[in-house]
Amino acid sequence: MKVKIMSTKSRNYFLDNYKSLLIVLVVTGHFIEPCYNDSPILQLLKWVIFSFHMPAFIFISGYFSKKKMSFEKLIQKLVIPYLVYEMLYYLLYVCVIHKDTGLYLNRPKFSLWYLMALFFWRIATPYIRKIPGNIFVAITAGLLIGFTQLGNFFSIPRTLFFYPFFLAGYYFQEDWFETVRKSWKPLTAGLAGFLTLFLAGIAVSGIHITPHIFYGRYSYQDMGLTPGTGILVRLGCYGISFLMVFAVCALIPAKKHFFSILGVRTMPIYLFHGLVYSVLKSTPILKNIDTLPEIFLLLFACILLSFALASKYPNQFVSRISSLPVNFQNPISGMRFPPVPSLGGRHHAQ
């Protein structure tokens with residue numbers, strides 16, 4: 001009997017489970033950053049994680065962005081939380097770990113770039129989708145931004161680099177997940193294995209390329225690449241990431257599991273794990289992990305931290321911040337900002 005993983009009447013546990021995997025990989029990818037070069041296992045893990053975890057997250061965000069949302073609601077759900085969490089990170093950096101920094105609202109701290117990018121994607125997509133061949137335009141913009149030296153300014157490099165994944169997710173239809181997951185399962189499972197071996201080859205080959213090629217933040221010059229090589233490498237990143245996004249679908253269960261809650265509460269995990277990581281990074285703890293027991297302990301700790309941050313109180317805090325009242329009513333004319341044009345399509349609960 002064929003199991004239907006998509007339903008407008010019940011929760012989509014397939015995407016919950018996919019997001020559960022992705023958010024654990026986000027936490028893991030950050031926590032192994034200080035030590036991944038000290039272990040072949042962590043080095044391979046770093047390559048595999050960064051080859052698809054944010055592209056897949058952004059792809060799913062695009063899929064869920066079909067629901068119409070007013071400009072006022074976007075301010076409430078994305079801009080206000082961004083400002084609050086920027087302040088939290090600033091206070092942590094200055095008062096706890098004594099890091100020399102400033103409150104640079106135009107340069108997102110740690111993982112907060114995603115909130116800024118998501119705001120721009122939601123604003124721009126209703127207009128960009130009217131451009132013929134817009135996905136190719138988005139990929140071209142992602143390639144060209146690699147020539148610039150904007151750094152983290154308004155997170156423009158990452159916003160443009162990752163936008164093709166958001167746009168592809170917006171166009172993706174719900175029944176296509178069923179096709180990819182079921183009909184293509186042997187192909188996608190084999191593809192996931194092949195790409196993992198390919199990335200393993202890169203990791204141990206000694207080639208002067210790091211997982212930073214998947215970050216989207218650094219220019220070709222920053223990565224020591226010539227313009228021509230940089231474009232080819234970035235095109236390769238797009239190809240690998242898109243393939244991995246779909247290949248991993250074959251490995252995701254469609255039913256509810258104990259870990260499905262992580263996919264429902266990705267935001268508190270995403271936002272708060274960086275605070276924990278920033279504190280630990282300022283100590284020698286994460287820099288001295290290289291033995292197999294230490295690696296397993298670190299990975300287990302990342303999973304435990306994910307569940308802890310998905311608990312009641314972190315989730316309530318995030319929910320309340322994103323529900324703060326926002327009113328742009330003009331006291332003179334009573335005019336309000338117009339709504340953002342609808343992205344169309346049905347929206348499943350997250």
Side-chain angles (χ1 to χ4, degrees), residues 19 22-23 25-30 33 46-47 49-65 74 78-79 81-83 85-86 89 101 104-125 128 134-170 209-225 227 230-231 233-242 244-245 266-267 269-271 273-274 277-278:
K19 290 192 295 177
L22 294 175
I23 196 62
L25 293 182
V26 168
V27 176
T28 304
H30 284 137
E33 176 68 29
K46 184 76 171 180
W47 274 96
I49 288 175
F50 278 84
S51 70
F52 83 98
H53 78 315
M54 284 312 298
F57 232 128
I58 292 163
F59 179 89
I60 294 174
S61 295
Y63 174 77
F64 279 123
S65 293
L74 288 175
L78 296 173
V79 177
Y82 171 78
L83 296 176
Y85 302 132
E86 272 287 328
Y89 270 91
T101 187
Y104 309 121
L105 297 181
N106 61 349
R107 297 181 185 275
K109 289 180 172 58
F110 200 66
S111 58
L112 298 182
W113 68 269
Y114 175 72
L115 292 180
M116 180 175 284
L118 187 57
F119 174 76
F120 290 137
W121 293 330
R122 293 295 301 260
I123 289 290
T125 297
I128 291 177
N134 47 65
I135 288 210
F136 295 102
V137 173
I139 292 174
T140 300
L143 296 175
L144 294 178
I145 198 64
F147 290 101
T148 68
Q149 292 288 329
L150 292 174
N152 200 32
F153 183 70
F154 277 106
S155 196
I156 293 174
R158 279 188 283 206
T159 299
L160 292 181
F161 174 76
F162 286 113
Y163 185 56
F165 301 103
F166 183 90
L167 200 56
Y170 153 69
I209 296 180
T210 72
H212 292 169
I213 60 176
F214 290 104
Y215 284 25
R217 173 179 178 177
Y218 302 104
S219 68
Y220 302 141
Q221 182 179 338
D222 292 335
M223 294 184 289
L225 302 174
I231 287 179
V233 168
R234 186 158 286 193
L235 277 173
C237 289
Y238 277 135
I240 291 173
S241 295
F242 269 114
M244 285 291 282
V245 166
T266 56
M267 193 56 72
I269 304 172
Y270 187 83
L271 293 171
H273 84 277
Y277 169 74
S278 296

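- Tyr89 pairs by the side-chain hydrogen bond (donor to acceptor under 3.5 Å, both in side chains) definition with nothing, not counting sequence neighbours.
- Between Tyr163 and Thr125 the shortest side-chain heavy-atom distance falls below 4.5 Å.
- Each side-chain hydrogen bond (donor to acceptor under 3.5 Å, both in side chains) pair with one or both residues in residues 109-119, not counting sequence neighbours, appears once here: Ser61-Tyr114.
- Using modelled atom types, no side-chain atom of Asn152 and backbone atom of Arg217 make a donor-acceptor pair closer than 3.5 Å.
- Residues passing the ring pair (Phe, Tyr, Trp, His ring centres under 6.0 Å) test with Phe59 are Phe172, Phe246, sequence neighbours excluded.
- Remark: Leu78 CG to Leu112 CG distance equals 12.0 Å, nearest 0.5 Å.
- Listed by chain and number, the residues in a side chain to side chain contact (heavy atoms under 4.5 Å, CB included) with Val137 are Ile131 (sequence neighbours excluded).
- Distance check: Tyr270 OH to Met267 CE gives 8.5 Å after rounding to the nearest 0.5 Å.
- Residues passing the side chain to side chain contact (heavy atoms under 4.5 Å, CB included) test with Thr148 are Ile145, Leu150, sequence neighbours excluded.
- Leu144 pairs by the side chain to side chain contact (heavy atoms under 4.5 Å, CB included) definition with Thr140, Phe147, not counting sequence neighbours.
- Partners of Glu33 under the side-chain hydrogen bond (donor to acceptor under 3.5 Å, both in side chains) rule, at least two apart in sequence or in another chain, are Lys46, Tyr215.
- Between the CG atom of Asn134 and the CD1 atom of Ile128 there is a distance of 8.0 Å, given to the nearest 0.5 Å.
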TODO: Any chance you could lay out the side chain to side chain contact (heavy atoms under 4.5 Å, CB included) test for Leu118 and Ile58, step after step, and finish with the verdict?
DONE: CA-CA 9 Å; Leu118 187 57; Ile58 292 163; over 6 Å; no
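- Identified under the side-chain hydrogen bond (donor to acceptor under 3.5 Å, both in side chains) test for residues 49-60, with sequence neighbours left out: none.
- With sequence neighbours excluded, the residues that form a side-chain hydrogen bond (donor to acceptor under 3.5 Å, both in side chains) with His273 are His30.
- Residues that satisfy the ring pair (Phe, Tyr, Trp, His ring centres under 6.0 Å) test with Tyr238, not counting sequence neighbours, are Phe161, Phe165.
- Contacts of Arg234 classified as side-chain hydrogen bond (donor to acceptor under 3.5 Å, both in side chains), with partners at least two apart in sequence or in another chain: none.
- Take Phe153 and apply the ring pair (Phe, Tyr, Trp, His ring centres under 6.0 Å) test, not counting sequence neighbours, and it matches no residue.
- Rounding to the nearest 0.5 angstrom, the gap separating the SG atom in Cys237 from the CG atom in Leu143 is 10.0 Å.
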